[in-house]
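Heads up, the thing below is written out as structure tokens.
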Amino acid sequence: MDEFPSHSFPSGRRFGIAVHVAVAAGLLLAILIMVNYLAARHPIRKDLTSGDRFVLSPLTLQILQNLTNQVRVTVLFDSEAALFSHVDAMLQGYRSQSPKITLDVVDYSLAPGRAIQIRDRYNLGRDDKDLVIFESGKETRFVRSAELSVYDADINSMLQGGSRQVRRSAFRGEALFTSAIVTVSQAIRPRVCYLLGHGEHDPRSSDQNGYRKFIDLLAQRNVTVEPLTLGSEREALPSDCELLVIAGANSPLEANTLQKLGSFLDQGGRLLALMNVESLGTTTGLEDFLARWGIAVRPSVVADRQQTTGGSDVLVGEFGAHPVVNPLAHGHHKVQLLLPRVVGKIPEKFMPADPPKVEHLLFTSDAGQTKSKIRDGTAYYDVRVDIQGQRIPMAAAAEKGGLAGVAANRGATRLVVVGDSFCFGNQLIESASNRDFAGLAVNWLLDRQQFLAIGPKAIHEYTLRLTPAQLTKMRWLFLAVLPGSILLLGFIVWLRRRA
């Protein structure tokens, strides 16, 4: 007689177990379907990266919630590129916040056929790659990889005469992406006039001192830029001009030009005036004109022996409390100026009646000094009139409420005056945080508060520095100790099983 039965489980019990497993699997599948359904209808994203790198600002969220037009976003990027993960993660956040955003990510190295179709659709060249395309209706905006990074030089090394080491310090994606969405979804573009005829920087030139990149920056912010001359009696500022730019005028402005400019500001106009060292020995007329608005442009340039790379420039790290420079101050950024002029507030006792509110924007360190003598392109300190050993202002902003009964629809008059015009030229606009400073100034002048608080997201890089002896230890650890430990453990297990 067999001691054990031939079957471990009766057929009825086996059937019951099978039914139980089937029911459990069905319930698990139902739970998975319900979880996925709820996740699709009510998505929740949580940024677990350090510093909340991909958390959208409240202003971006507000813009996305109020979006009425459908915006198609196409990412044409190499998935192995350094910035791809930043671009993809941030745009996924945009899509999750608004049903009006559709996102299409194309890796041109893995899907060359689709990449060709996208280039043909948007009339792009074969070399156009690593960019994000925003489209709504007939409006299209491109954000290229080169625009997305903020690069910081190793300032300490530069100040000590060392090499210029440049590293990626921040990601500008949110400001550019939000700006692009607003650009393509709004049909109305602010009109900006660029004054010519007095030695200003050429807005069409690609030379190092040209303003082509600055004009491109305005275009990226959904702005229409038009050249303007006001020399003749018939020429006038267009009634829909929202901002006038005077960049580097170094010859006198005509009396009727200054009169038209005064009428423009009296009616709530906006002015961006950039002075430079080339007009130091010339009275352009802007000096007296700006004084009526509480801003003094002094006949001297500024130096800072503690914050300079070569003596002729100032690496500005001291900022006033103003919306134009608050993001720069909070992010510990630098602005590079070349032989900037002194630009500051007029003392209260010399201010005109009903004065505007004037605030300083940029300062030197406590080691600042002025230089009033210019000889052969070099500035010299004059002990009789110049000052040193104190903070010196180099840019200011003024604001004055609209006058009663005069152009009430324009709002307040606003001015930004910078002591250096070369900082926005094609060469220096890419230096330090000059591009961000230019964009912030334009946004404040045009009253685009939605972009002022969208600063770059910091990118933290960690460097592991090892001595040759430490490198040797690391090499033996990974090539010998770790593999050897695994082999030894396996050999011990084999011996025990043999025993």
Side-chain angles (χ1 to χ4, degrees), residues 53-76 83 86-95 97-98 100-103 122 130-150 170-192 213-225 242-243 245 270 272 323-328 331 333 424 429-430 433-457:
R53 282 185 294 166
F54 305 119
V55 173
L56 300 180
S57 68
L59 295 176
T60 293
L61 296 175
Q62 182 181 10
I63 290 172
L64 292 175
Q65 291 169 2
N66 296 331
L67 198 61
T68 57
N69 296 338
Q70 199 74 27
V71 178
R72 177 176 180 178
V73 184
T74 303
V75 179
L76 187 62
L83 288 177
H86 294 73
V87 171
D88 183 60
M90 183 155 284
L91 288 175
Q92 294 290 351
Y94 276 74
R95 181 175 65 174
Q97 293 295 330
S98 174
K100 298 293 183 180
I101 302 290
T102 58
L103 181 62
Y122 296 104
D130 294 335
L131 72 162
V132 184
I133 306 168
F134 295 83
E135 180 185 15
S136 180
K138 297 182 179 180
E139 297 292 332
T140 304
R141 164 80 170 88
F142 301 95
V143 176
R144 302 180 184 276
S145 176
E147 306 174 57
L148 292 171
S149 297
V150 175
F171 177 63
R172 307 176 62 238
E174 184 181 1
L176 292 175
F177 296 161
T178 301
S179 175
I181 290 173
V182 173
T183 297
V184 299
S185 61
Q186 293 182 354
I188 300 176
R189 294 172 177 262
R191 187 177 183 181
V192 173
K213 290 185 178 180
F214 177 76
I215 300 302
D216 290 343
L217 181 146
L218 295 180
Q220 292 167 8
R221 282 157 174 75
N222 195 29
V223 169
T224 299
V225 183
E242 297 191 29
L243 171 62
V245 178
R270 313 294 169 90
L272 174 61
V324 170
V325 291
N326 284 342
L328 301 176
H333 295 290
F424 292 167
I429 199 171
E430 301 296 347
S433 296
N434 289 14
R435 174 180 286 273
D436 291 322
F437 177 47
L440 289 165
V442 170
N443 287 334
W444 181 75
L445 287 166
L446 293 176
D447 201 18
R448 292 177 153 191
Q449 300 296 331
Q450 66 266 33
F451 299 132
L452 290 175
I454 305 177
K457 304 285 188 181

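What you see below is based on every heavy atom in this structure, not just the backbone, and it leaves out hydrogens, waters and symmetry mates. Residue numbers start at 1 and run along the sequence shown.
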Would you name the heavy atoms of [X] and [Y] that are closest together and state the gap between them?
| X | Y | value |
| --- | --- | --- |
| V132 | V87 | CG2-CG1, 3.8 Å |
| R144 | L131 | NH1-CD1, 3.8 Å |
| A180 | F134 | CB-CD1, 3.5 Å |
| D436 | R172 | OD1-NE, 3.1 Å |
| L176 | R141 | CD2-NH2, 4.3 Å |
| E174 | M90 | N-SD, 3.4 Å |

Which distance, rounded to the nearest 0.5 Å, do you find between the [atom1] of [X] and the [atom2] of [Y]?
| X | Y | atom1 | atom2 | answer |
| --- | --- | --- | --- | --- |
| E135 | T102 | CD | OG1 | 9.0 Å |
| R270 | L243 | CZ | CG | 9.0 Å |
| N434 | L217 | CG | CG | 11.0 Å |
| Q65 | Q62 | CD | CD | 7.5 Å |
| I429 | K213 | CD1 | NZ | 8.0 Å |
| S145 | L76 | OG | CG | 11.5 Å |

**OP:** Over 60° means perpendicular and under 30° means parallel, so classify the ring planes of F171 and H86, tilted if in between.
**Re:**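 Tilted.
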**OP:** For the pair L148 and F177, evaluate side-chain contact (heavy atoms from CB on, under 4.5 Å) and give the outcome as yes or no after the intermediate values.
**Re:** CA-CA 10 Å; L148 292 171; F177 296 161; 4.0 Å; yes
Original post:
Which residue, V184, T74, I133, forms the side-chain contact (heavy atoms from CB on, under 4.5 Å) with T140?
Top reply: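 Among V184, T74, I133, the one meeting side-chain contact (heavy atoms from CB on, under 4.5 Å) with T140 is I133.
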**OP:** Give the intermediate values and the outcome of side-chain contact (heavy atoms from CB on, under 4.5 Å) for residues I181 and Y94.
**Re:** CA-CA 10 Å; I181 290 173; Y94 276 74; 3.5 Å; yes
Subject >> Donor + acceptor pair across side chains of T60, T178 (<3.5 Å) >> reply: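 Yes, a side-chain donor-acceptor pair sits under 3.5 Å.
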**OP:** Please step through side-chain contact (heavy atoms from CB on, under 4.5 Å) for the pair L67 and I101, ending with a clear verdict.
**Re:** CA-CA 9 Å; L67 198 61; I101 302 290; 3.8 Å; yes
Original post:
Between the main-chain N or O of Q70 and the side-chain N or O of S136, is there a donor-acceptor pair closer than 3.5 Å?
Top reply: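 Flag set: sc S136 to bb Q70 pair under 3.5 Å.
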Original post:
V192 versus L272: any side-chain heavy-atom pair under 4.5 Å?
Top reply: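 Of all side-chain heavy-atom pairs linking L272 with V192, none is under 4.5 Å.
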**OP:** Assess whether side-chain contact (heavy atoms from CB on, under 4.5 Å) is satisfied between V75 and D88, documenting all intermediate values.
**Re:** CA-CA 8 Å; V75 179; D88 183 60; 6.0 Å; no
